[in-house]
Amino acid sequence: MVIRSAPRGPPESFRVTITGLRRRWLREGYRPVAPPATRHYEITIRVRTVTQLFNSLDPSPFRERDLDPHADEFVTGWVRELPHGAPFTIVVELPIEEANRPEANRIREAFANYFRRCAEAAERDLRELFRVGWRSLLIGLVVLVACLSGSQLVAAKIKNTVVARVLEESLIIVGWVANWRPIEIYLYDWLPIRRRISLFRRIARAPVEIRSI
C-alpha cells in the first residue's frame, strides 16, 4: 500500500484516504476549522481497478454486488465517526482508463444498493429481535406469576418461618430472573441495531463522486 502524508483539499475539508483495499488505513487532511454544521467531509477511496471495490466471490450483477469487506469496514467506520448530520461525499479515485469504463458510472448505484440492502437486513434482525423479546416476555410473565403464587403458597403452608422465607424469596428471584432477557432486549439490545440501520441509510443517501487520477 502507498501511504500519502501530504494533506490535500481546502482547510474546511476532512479527507480520509484508502490506497488499496488492505487492512491498514490512513486518515489525512487539515483539521476542520469551520463549525461542525457547515463542514463538508470527504471519504476518499483510491483503487487501481473498479473490481477492487467489490467482493470478488459475489456472482451477482454489478449493481447488486456486495462491497469488498475492507471497503465496507472503511466507509462505515469513518461515517460512524462523523458528527451527526454532517454532510459527506464518498470519493472513488481511479486511474483515468478505469474511470472511463462503463462500470465506473454504475459505482454510485452499486454503493447505494449495497447499503440499502444492509439497512434492510438490519431491519429484519430488529424485527426478529422484537419477536424473540415478545415471546420471552410472555414466558417470563407466566413464570413470574407462577413464582409469586408459589411464594404465597409456601408462606401459608410451611410453618418454619426461616425455611418459608428462604423459599419465598427464592421463588420471587426466579420469577424476576425469567424476565431478564425481555427486559434486556427492550431496554438495550435494540439500540445498536437501530443505530446500524440509521448508519446504513445515511451512507446509502450519500453522493458518490468518481475522480480520475
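The shortest side-chain heavy-atom distance between Phe54 and Leu67 falls under the 4.5 Å cut-off. A 4.5 Å side-chain heavy-atom check between Ile203 and Leu199 finds at least one atom pair inside the cut-off. Within the 4.5 Å cutoff, side-chain heavy atoms of Ile210 are placed close to those of Val92. Two residues are said to be in side-chain contact when any heavy atoms from C-beta on lie closer than 4.5 Å; Leu53 and Phe111 meet this criterion. For the pair Asp72/Phe115, a side-chain contact is recorded, criterion being any heavy-atom separation below 4.5 Å from C-beta on.
Formation of a donor-acceptor pair under 3.5 Å by the Ser136 side chain with backbone atoms of Gly133 is not found in this model. With hydrogens and angles disregarded, no donor-acceptor distance shorter than 3.5 Å links the side chain of Arg46 to the backbone of Glu93.
A search for salt bridge (charged side-chain N to carboxylate O under 4.0 Å, His left out) contacts involving Asp189 returns Arg181, not counting sequence neighbours. Arg65 is linked by a salt bridge (charged side-chain N to carboxylate O under 4.0 Å, His left out) to nothing, counting only residues two or more places apart in sequence or in another chain. The side-chain contact (heavy atoms from CB on, under 4.5 Å) test applied to Ala119 returns Phe200, Arg201, not counting sequence neighbours. Every salt bridge (charged side-chain N to carboxylate O under 4.0 Å, His left out) that Glu109 has, sequence neighbours left out, goes to Arg63. Ile139 meets the side-chain contact (heavy atoms from CB on, under 4.5 Å) test with Val143; sequence neighbours excluded.
When all heavy atoms of Gly85 and Arg202 are compared, the closest pair comes out as N-NH2, 3.8 Å.
Classified by interplanar angle (parallel below 30°, tilted 30° to 60°, perpendicular above 60°), the ring pair Phe130/Trp190 is tilted. Note: Trp78 and Phe74 have perpendicular aromatic rings, judged against thresholds of 30 and 60 degrees for the angle between ring planes.
For Leu191, the CG atom sits in a packed shell: over 12 heavy atoms of surrounding residues, nucleotides or ligands are nearer than 6.0 Å.
Salt-bridge formation is detected for the pair Glu169/Arg165: a Lys NZ or Arg NE/NH1/NH2 atom is positioned less than 4.0 Å from an Asp or Glu carboxylate oxygen. Ionic pairing of Glu98 and Arg101 is present here: one or more N-O contacts between side-chain nitrogen and carboxylate oxygen are shorter than 4.0 angstrom.
Evaluation of the salt bridge (Lys or Arg N to Asp or Glu O under 4.0 Å) test over residues 135-155, restricted to residues two or more places apart or in two chains, returns Glu128-Arg135.
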